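Quick notes on the structure that follows.
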Amino acid sequence: MKVRPSVAIIENEKVLLMRYRYGDTDVFNLPGGNVDAGETLTDTLIRELQEELGIQIAIGEMLVAGEVILPQQKTDVLHCVFKASIIEGTPILNAKETSALEVLWQPITSLNQLAMYPNVGDDLQVILVENKGFEYLGRLDQVWY
């Protein structure tokens with residue numbers, strides 16, 4: 001099982017998302033990426049957000065973790081979502097570093113209405129709106145796009 005960290009960056013009751021297009025479906029994910037050898041999860045996040053969005057971040061507590069286990073995939077994935085804030089820069093998509101089509105701010109209250117990978121929108125919305133602590137979600141019910 002591989003581990004993929006990502007961040008929930010919140011500003012003005014909105015969360016920063018990246019939009020991808022798979023077939024006829026817009027799929028959204030939280031900024032993050034894959035861990036390189038010798039990296040910690042937080043090192044990965046700092047590197048990935050600098051490369052893909054040109055921003056420096058401060059990483060806070062872990063908000064949620066859950067596994068995506070899909071038989072059609074080669075590797076199962078443990079997703080770890082951390083709270084973060086931007087300390088320098090404005091998010092601008094670097095097409096050389098990501099296949100995302102767009103970076104955008106979405107209202108926290110719309111997370112439960114979006115097709116997300118990983119499928120944490122409902123739970124993350126509740127955690128952020130109710131200011132709850134960390135939640136382990138276990139196996140995520142994930143549609144593969």
Side-chain angles (χ1 to χ4, degrees), residues 1-70 72-129 131 134-137 139-145:
M1 179 174 282
K2 73 177 186 176
V3 179
R4 185 184 185 281
S6 60
V7 291
I9 298 174
I10 311 300
E11 289 186 7
N12 301 315
E13 303 299 317
K14 294 182 178 181
V15 62
L16 186 67
L17 297 176
M18 297 173 77
R19 181 179 66 86
Y20 298 79
R21 185 79 173 170
Y22 299 116
D24 295 332
T25 306
D26 284 327
V27 179
F28 299 85
N29 78 4
L30 298 159
N34 295 315
V35 179
D36 286 344
E39 276 187 327
T40 65
L41 298 180
T42 55
D43 289 344
T44 297
L45 291 168
I46 290 166
R47 175 185 53 77
E48 288 281 353
L49 273 78
Q50 175 61 47
E51 290 173 355
E52 294 183 358
L53 302 176
I55 58 176
Q56 298 293 323
I57 59 171
I59 301 167
E61 74 267 58
M62 188 185 296
L63 296 172
V64 67
E67 294 103 350
V68 172
I69 300 171
L70 297 170
Q72 65 271 43
Q73 291 304 104
K74 296 177 186 173
T75 306
D76 300 327
V77 183
L78 170 63
H79 292 272
C80 301
V81 180
F82 293 84
K83 193 168 190 178
S85 58
I86 298 172
I87 56 175
E88 186 177 315
T90 300
I92 299 172
L93 199 63
N94 179 355
K96 292 179 182 178
E97 294 292 335
T98 178
S99 62
L101 301 174
E102 176 182 27
V103 60
L104 66 158
W105 295 95
Q106 285 287 332
I108 293 169
T109 55
S110 74
L111 290 175
N112 65 344
Q113 301 164 26
L114 301 174
M116 291 189 69
Y117 181 82
N119 188 19
V120 295
D122 291 347
D123 297 293
L124 187 59
Q125 180 175 318
V126 169
I127 289 167
L128 293 171
V129 168
N131 203 23
F134 172 79
E135 188 168 341
Y136 170 67
L137 302 176
R139 186 177 185 152
L140 300 173
D141 182 21
Q142 183 69 53
V143 173
W144 189 248
Y145 301 98

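Not measured: the values here are computed from a predicted model.
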Hey, does I57 have a side-chain heavy atom less than 4.5 Å from the side chain of I59?
yes

Going by the rule salt bridge (Lys or Arg N to Asp or Glu O under 4.0 Å), which residues pair with R47 if we only count those two or more places apart in sequence or in a different chain?
D36, E39, E51

Which residue pairs pass the ring-ring contact (aromatic ring centres under 6.0 Å, His included) test when at least one of the two sits in residues 24-54, sequence neighbours left out?
none

Taking side chain as C-beta onward, heavy atoms only, is P91 less than 4.5 Å from L16?
yes

Who are the side chain to side chain donor-acceptor pair (under 3.5 Å) partners of Q142, not counting sequence neighbours?
none

So V81 and V7, side-chain contact (heavy atoms from CB on, under 4.5 Å) or not? Walk me through it.
CA-CA 5 Å; V81 180; V7 291; over 6 Å; no

Could you name each residue pair satisfying ring-ring contact (aromatic ring centres under 6.0 Å, His included) that touches residues 43-66, not counting sequence neighbours?
none

Could you go through residues 97-104 and list every donor-acceptor pair under 3.5 Å that involves a side-chain atom there, pairing it with any protein atom two or more places apart or in another chain?
unit_1 : atom_1 : unit_2 : atom_2 : d
T98    : OG1    : Y20    : OH     : 3.3
T98    : OG1    : A100   : N      : 3.0
E102   : OE1    : R19    : NE     : 2.7

Just to verify, what does V143 make a side-chain contact (heavy atoms from CB on, under 4.5 Å) with, not counting sequence neighbours?
Y145

For N34, what residues pass the side chain to side chain donor-acceptor pair (under 3.5 Å) criterion, not counting sequence neighbours?
K2

Taking only residues two or more places apart in sequence, or in another chain, which ones meet T40 in a side chain to side chain donor-acceptor pair (under 3.5 Å)?
T42, D43

Report yes if some heavy atom in the side chain of V3 is under 4.5 Å from a heavy atom in the side chain of T44; otherwise report no.
no

Evaluate side-chain contact (heavy atoms from CB on, under 4.5 Å) for N12 paired with W105, printing each intermediate quantity in order.
CA-CA 9 Å; N12 301 315; W105 295 95; over 6 Å; no

Show me the donor-acceptor pairs within less than 3.5 Å that the side chains of residues 110-121 make with the rest of the protein, sequence neighbours left out.
unit_1 : atom_1 : unit_2 : atom_2 : d
S110   : OG     : Q106   : OE1    : 3.4
S110   : OG     : P107   : O      : 2.8
Y117   : OH     : H79    : NE2    : 3.2
N119   : ND2    : D141   : O      : 2.6

Taking salt bridge (Lys or Arg N to Asp or Glu O under 4.0 Å) as the definition, give me every residue that meets it alongside E11, ordered by chain and number, with sequence neighbours left out.
none

Among residues at least two apart in sequence or on other chains, which ones pass side chain to side chain donor-acceptor pair (under 3.5 Å) with E13?
none

Please list, chain by chain and in numerical order, all residues satisfying side-chain contact (heavy atoms from CB on, under 4.5 Å) with E88, sequence neighbours excluded.
Q56

Going through the checks in order, is the side-chain contact (heavy atoms from CB on, under 4.5 Å) test met by D26 and R21?
CA-CA 5 Å; D26 284 327; R21 185 79 173 170; 3.0 Å; yes

Can you name the nearest heavy-atom pair linking A65 to L78, along with the distance?
CB-CD1, 4.4 Å

